[in-house]
> 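Please find one structure pasted underneath; my questions will follow.
So that the names make sense, note that chain A is the first sequence line, chain B the second, and so on, each numbered from 1.
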Protein chains: 2
Amino acid sequence: MNRSPKKQNEIEERETTILDVAARVFLSDGYHSLNMENIADEIGCSKGTVYGHFRNKEDILMELASRGVEKRAEMFSQAAAFAGRPRERMAVLWMSIELYVRAYPEYFASELILRTETLREKAAPERQEFMRGCENRCIQIVAGIVRDGVALRDLHLPDGMSDEELAFGVWSLTYGAHGLLQTGTPMKSMGVKNPFQSILYNANIMLDGVGWKPLSTELDYQSIQKQAAKTLFEDEVKLADRR
Amino acid sequence: MNRSPKKQNEIEERETTILDVAARVFLSDGYHSLNMENIADEIGCSKGTVYGHFRNKEDILMELASRGVEKRAEMFSQAAAFAGRPRERMAVLWMSIELYVRAYPEYFASELILRTETLREKAAPERQEFMRGCENRCIQIVAGIVRDGVALRDLHLPDGMSDEELAFGVWSLTYGAHGLLQTGTPMKSMGVKNPFQSILYNANIMLDGVGWKPLSTELDYQSIQKQAAKTLFEDEVKLADRR
DNA sequence: CGCCATTATTGACGTTTCGTCATTTTCAGC
DNA sequence: GCTGAAAATGACGAAACGTCAATAATGGCG
């Protein structure tokens with residue numbers, strides 16, 4: 001006996017429902033409020049059925065995080081394909097991170113909590129593997145833009161520094177900043193009035209630091225970013241504004 | 001009847017013991033293996049006694065994190081007091097972060113997991129408050145160095161950017177990088193062969209980006225850092241090497 | 001249709017951890 | 001030794017975990 005397409009579909013749909021419910025609960029009530037039994041109750045099936053889809057809550061979070069990183073990889077690709085010089089493409093990519101974090105906070109929160117390795121390793125190995133792949137893809141896209149910039153002689157890397165290493169720095173800056181923001185750290189009281197703005201400024205500073213032309217003094221990256229947001233990431237802009 | 005000094009002492013000692021045990025368990029076996037009952041067993045007292053000291057495991061982690069941030073604030077102070085120009089002091093401060101992360105991984109791991117707000121808020125409010133204070137102190141020290149640099153005209157902040165905003169960027173870069181490293185993300189396979197080195201390079205790039213003199217091309221910050229490590233942070237260097 | 005074989009679903013169960021609190025123990029001071 | 005305050009204990013109920021034998025649903029087939 002085979003699984004009918006109808007049944008197949010039902011199962012896939014349920015998986016989506018589980019993830020939706022989990023995302024909502026996790027975002028609003030946090031890690032400890034997220035549990036398999038509640039999810040089951042809420043979608044009207046039994047605990048065992050939920051366990052049929054995911055081995056535990058970390059596994060659910062890993063799936064959410066994976067979808068997030070996948071989505072981000074997609075946004076990165078679009079940003080990297082922006083018509084313009086490498087540094088402009090990098091600027092657009094930065095902006096895409098902000099949009100990602102604001103449009104999909106449940107994904108980003110999942111990513112963040114899974115930074116803790118002992119939580120991460122509870123998820124199914126395949127899911128861990130998949131996640132790593134997506135993360136890799138993201139950093140490779142960033143490194144690719146750096147490579148293009150170097151090839152066009154728009155920037156020179158310091159001696160002994162690779163494309164990936166600069167990409168690592170760029171990534172650390174934005175990731176760290178958004179991570180710090182995510183938590184209740186009261187940036188504003190610390191003198192950072194507009195954190196998102198601040199991140200973009202700092203990112204520009206960083207690229208000016210390797211002399212990546214056109215420098216931030218020579219080109220208005222902010223308006224390029226605004227423009228690109230509208231054309232490339234209409235959906236995310238809407239989502240981000242709604243949150 | 002009053003508490004005798006002897007008893008007082010015993011209680012304080014036990015608090016330390018609890019933290020030691022918790023730090024060890026958390027670092028080696030992770031969040032879920034850390035629980036009040038095991039701690040009690042291991043130090044030979046009852047669960048209730050442990051609960052007398054901390055309201056739950058997040059509270060213990062918060063205390064560990066606080067001690068960490070306190071320690072870091074102390075290291076930052078020393079770095080900031082280094083005899084040299086502001087940018088040299090900043091370079092020393094950076095190195096101190098690396099030493100901190102490597103010498104006290106249990107503290108840093110506690111900090112990281114408490115980035116998740118719903119975990120953080122389970123700790124006692126006083127502890128949360130204390131932690132915030134320490135974090136604030138750290139960023140203020142960084143901002144102070146920026147301020148000195150500006151005052152000496154070693155750098156000019158871009159229009160509309162405050163000391164704290166640059167400090168936020170600097171902090172994000174290093175924090176994000178160390179956070180990414182902490183997890184199993186295989187940086188090496190991504191082309192980042194020496195991550196710690198890489199962080200320092202990127203940090204230099206960032207300060208070059210605001211034209212902070214002397215530029216990294218004009219002064220060998222790495223040897224200043226090495227030198228300072230030996231004189232200012234002897235203990236941490238030893239600890240870091242042992243890990 | 002009715003039966004079978006297979007797959008999906010269920011929820012009771014044993015286990016673990018949580019956090020509380022009534023009870024017992026300890027001990028300084030008299 | 002007695003006493004009363006402070007400290008320590010561990011039994012307890014609640015909650016979540018993850019499993020698995022039993023039950024239900026379903027598609028294929030005569």
> Which of these nucleotides, C/dG19, C/dT9, D/dA8, is closest to any side-chain atom of A/Glu10?
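When the side chain of A/Glu10 is considered, C/dT9 is the closest of C/dG19, C/dT9, D/dA8.
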> From the options C/dT20, D/dG18, D/dA8, select the nucleotide whose nearest atom is closest to the side chain of B/Tyr51.
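Of the candidates, C/dT20 comes closest.
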> Checking B/Lys71 against B/Tyr100: charged group under 6.0 Å from the ring centre and within 45 degrees of the axis?
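Because its charged atom misses either the 6.0 Å distance or the 45° angle limit, B/Lys71 does not stack over B/Tyr100.
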> Once you round it to whole Å, what is the distance between C1' of D/dG18 and CD1 of A/Ile39?
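About 14 Å, once rounded to whole Å.
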> Would you mind reading off the distance between A/Ile11 atom CD1 and C/dT7 atom P, rounded to a whole angstrom?
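Interatomic distance, CD1 of A/Ile11 to P of C/dT7: 12 Å.
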> From CG of B/Asn56 over to C1' of D/dA14, roughly how many Å is that when rounded to an integer?
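Those two atoms, CG and C1', are 16 Å apart.
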> Within this structure, what is the CD-to-P distance between B/Glu13 and D/dA7, rounded to whole angstrom?
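Result: 16 Å.
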> Within the distance-only criterion (no hydrogens, no angle test), does the side chain of A/Asn202 pair as donor or acceptor with the backbone N or O of A/Leu173 below 3.5 angstrom?
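Not at all, since once roles are kept as given, no pair shorter than 3.5 Å links the two residues.
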> Take A/Ile97 and A/Trp171 through the side-chain contact (heavy atoms from CB on, under 4.5 Å) test and state the conclusion after the steps.
CA-CA 10 Å; A/Ile97 298 176; A/Trp171 181 235; 3.6 Å; yes
> Please determine, for the side chain of A/Ser46, which listed nucleotide (D/dA8, C/dG11, D/dC17) has the closest atom?
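Selected nucleotide: C/dG11.
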> Which whole-number value in Å describes the distance from B/Arg14 CZ to C/dT26 C1'?
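Atom CZ in B/Arg14 sits about 13 Å away from atom C1' in C/dT26.
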> For B/Leu34 and A/His53, find the nucleotide of DNA chain C closest to each by heavy atoms; which residue's nucleotide sits nearer the 5' end?
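Checking each residue's closest nucleotide, the 5'-ward one belongs to A/His53.
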> Go nucleotide by nucleotide along DNA chain D from the 5' end; which of A/Met36 and A/Gly48 gets its closest nucleotide reached first?
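First, find each residue's nearest nucleotide; the 5'-ward one identifies A/Met36.
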> Is B/Asn35 near enough to C/dC18 that one of its side-chain N or O atoms lies under 4.0 angstrom from OP1 or OP2?
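Affirmative; the distance criterion is met.
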> When the distance from CD of A/Glu37 to P of C/dT15 is rounded to whole Å, what number comes out?
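These atoms are roughly 18 Å apart.
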> For B/Glu74 and B/Gln78, which I'm curious about, is there any donor-acceptor pair between the side chains at under 3.5 Å?
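Note: B/Glu74 and B/Gln78 side chains miss the donor-acceptor criterion.
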> CG of A/Asp41 versus P of D/dA16: gap in Å, rounded?
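After rounding, the reported distance stands at 10 Å.
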> Of the options C/dT9, D/dC17, C/dC18, whose atoms approach the side-chain atoms of B/Lys47 most closely?
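The answer is C/dC18, which lies nearest to the side chain.
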> Would you please confirm or rule out a distance under 4.0 Å between OP1 or OP2 of C/dT10 and any side-chain N or O of A/Thr49?
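So the side chain of A/Thr49 is within the cut-off, an N or O lying under 4.0 Å from OP1 or OP2 of C/dT10.
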> C/dT16 C1' sits how many Å from A/His32 NE2, rounded?
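Interatomic distance, NE2 of A/His32 to C1' of C/dT16: 14 Å.
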> Answer yes or no for B/Arg127 and B/Phe54: cation-pi contact, defined as NZ/CZ to six-membered ring centre under 6.0 Å and angle to ring axis within 45°.
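Because its charged atom misses either the 6.0 Å distance or the 45° angle limit, B/Arg127 does not stack over B/Phe54.
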